[in-house]
Amino acid sequence: MNAHPLGFADAGDNTACRAFLRDGFVIAAAEDRSSLDRIRSHIASAVRHHLDAGEDDDDAALLNQVHRYVDKSGLNELRLAVINGLRAQDWFRPTYFSVARGLIEKIVGNELVMQRGAGLSVQLPGDQSSLLPIHTDVWDGDSPFEVVLWVPMVNCFATKSMYILPLDVDRDYQSRVADFREQGSEALFEAVEKDAQFLKIDYGSVLLFSQTLMHGNRVNEEETTRWSINCRFKSVMSPYADKRLGEFFEPISVRPATHIGLAYEMPGGFGD
Ligand SMILES: O=C(O)CCC(=O)C(=O)O
Ligand SMILES: [Fe+2]
């Protein structure tokens, strides 16, 4: 397994697969820029509508500078208005998938389920109220087979971005994570901080990561606001944890043989 981790897939351009196997994450260019722009433009219009502001700002400027128009007291209401508006669009999920379809198919497979309700993060400069302490999603009931497609709507870097522990150091720390049970997540973060990578991901690029790696975010100390969408994908037939098929996940690309296989019922009484 280790000598040929990609098996028969070990041909052609597997740069992304190798990066993912090594680090547990990969950053790549968006495959369909018009899809990405469509999503961002929908978000910016929803922000203008909700705040009744920003008519003269272009989409990037509005999102980066949104803290001029909203403070942390109005932030969650704005965030929910925007993400609920996006989720209500029939085109949103296929369009989001098209931003990184080839990459997801390489890393996960071509029979996929997709999270029904994507998440939206908005982090105003200096805002302490919407932070995600260090975690893995798998500790919280997600399947270790899931990946997260994380797509920035503005250029993200340093504390405006999220941090992650690359696979090799992550696994070493996770073997010792019980030592931090009493002290809690801030002490755990301090222990891993020197190895945490704050990812630089510009608008136009995407991050695909294994949520089994420890990750999270800190107070945004930069001058502009972070906007990013996250949505989970996994192989249809890979094991599920608490997030169920049909509830949390919806199939988006099931192949004919799998349809027939799933529907098949073994007849009784012939070969017994
Ligand atoms: O966007 C972030 O800062 C963290 C995202 C996260 O924890 C996730 O998508 O699982
Ligand atoms: Fe997470």
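This chain uses plain numbering: 1 for the first residue, then up along the sequence.
Remark: of the listed residues Arg40, His42, Arg48, Arg48 is the sole one forming a side chain to side chain donor-acceptor pair (under 3.5 Å) with Asp59.
Formation of a donor-acceptor pair under 3.5 Å by the Asp71 side chain with backbone atoms of Ser73 is found in this model. Remark: side-chain polar atoms of Glu105 are not paired, donor with acceptor, to backbone N or O of Gly102 under 3.5 angstrom. Although no hydrogens or angles enter the test, the distance criterion places a donor-acceptor pair under 3.5 Å between the side chain of Trp227 and the main chain of Leu63. The backbone N or O of Met214 sits less than 3.5 Å from a side-chain atom of Asp170, completing a donor-acceptor pair. Between the Thr95 side chain and the Ser35 main chain, no donor and acceptor come within less than 3.5 Å of each other. Between the side chain of Asn14 and the backbone N or O of Cys17 there is no donor-acceptor pair closer than 3.5 Å.
Remark: the Ser161 side chain and the Lys200 side chain contain no N/O donor-acceptor pair separated by less than 3.5 Å. A donor-acceptor pair shorter than 3.5 Å cannot be found between the side chains of Asn217 and Lys160. With hydrogens and angles left out, the side-chain atoms of Thr258 and Glu111 include a donor and acceptor closer than 3.5 Å. With 3.5 Å as the limit, one finds no donor-acceptor pair spanning the side chains of Asn220 and Arg218. For Arg171 and Thr212, the side-chain atoms include at least one donor-acceptor pair closer than 3.5 Å.
Taken from CZ in Phe25 to CG in Leu165, the straight-line distance is 10.0 Å, to the nearest 0.5 Å. With rounding to the nearest 0.5 angstrom, the CG atom of Asn110 is 6.5 Å from the OG atom of Ser253. Note: Ile107 CD1 to Leu208 CG = 6.0 Å, rounded to the nearest 0.5 Å. Rounding to the nearest 0.5 Å places CD of Gln123 at 11.0 Å from CD of Glu222. The CD1 atom of Ile201 sits 8.5 Å away from atom CZ of Arg226, with the distance rounded to the nearest 0.5 Å. To the nearest 0.5 Å, atoms CD1 (Ile164) and OG1 (Thr136) are separated by 10.5 Å.
In this structure, the side chain to side chain donor-acceptor pair (under 3.5 Å) partners of Ser129, at least two apart in sequence or on a different chain, are Asp127.
The two residues Val138 and Gln211 come nearest to each other via the heavy atoms N-OE1, 2.9 Å. Leu51 approaches Tyr69 most closely through the heavy-atom pair CD1-CB, 3.8 Å. Arg22 approaches Leu167 most closely through the heavy-atom pair O-CB, 3.5 Å. Nearest heavy-atom pair, Pro166 versus Asp195, reported as atom, atom and distance to 0.1 Å: CD-O, 3.6 Å. Nearest heavy-atom pair across Tyr96 and Val151 is OH-CG2, 3.3 Å. Nearest heavy atom pair, residue Ala187 against residue Phe180, reads O-CE2, 3.7 Å.
In the hydrophobic clustering (ILVMFWY side chains linked at under 4.5 Å, chained through shared members), Tyr264 is joined by Met266.
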Worksheet item: Given Asp179 and Arg181, is the salt bridge (charged side-chain N to carboxylate O under 4.0 Å, His left out) satisfied, shown in steps?
Response: CA-CA 6 Å; Asp179 300 350; Arg181 189 178 308 160; over 6 Å; no
Discussion item. If you apply the rule side chain to side chain contact (heavy atoms under 4.5 Å, CB included), what do you find for Glu31 with Leu103, and how did you get there?
Written reply: CA-CA 9 Å; Glu31 291 164 22; Leu103 181 65; 3.5 Å; yes
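In the hydrophobic clustering of this structure, Ile229 groups with Leu36; members are Ile, Leu, Val, Met, Phe, Trp, Tyr whose side-chain heavy atoms approach within less than 4.5 Å, directly or through other members.
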Return a table of donor-acceptor pairs under 3.5 angstrom between the side chains of residues 241-252 and protein atoms on other chains or two or more places apart.
residue	atom	partner	partner atom	Å
Lys243	NZ	Asp142	OD1	2.6
Glu250	OE1	Arg93	NH1	3.1

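If you look at Tyr240 and Phe145, their ring centroids are not closer than 6.0 Å.
The residues Arg101 and Asp32 are annotated as not salt-bridged, no charged nitrogen and carboxylate oxygen being separated by less than 4.0 angstrom.
His215 and Phe209 have perpendicular rings, their planes meeting at more than 60° on a 0 to 90° scale where under 30° would count as parallel.
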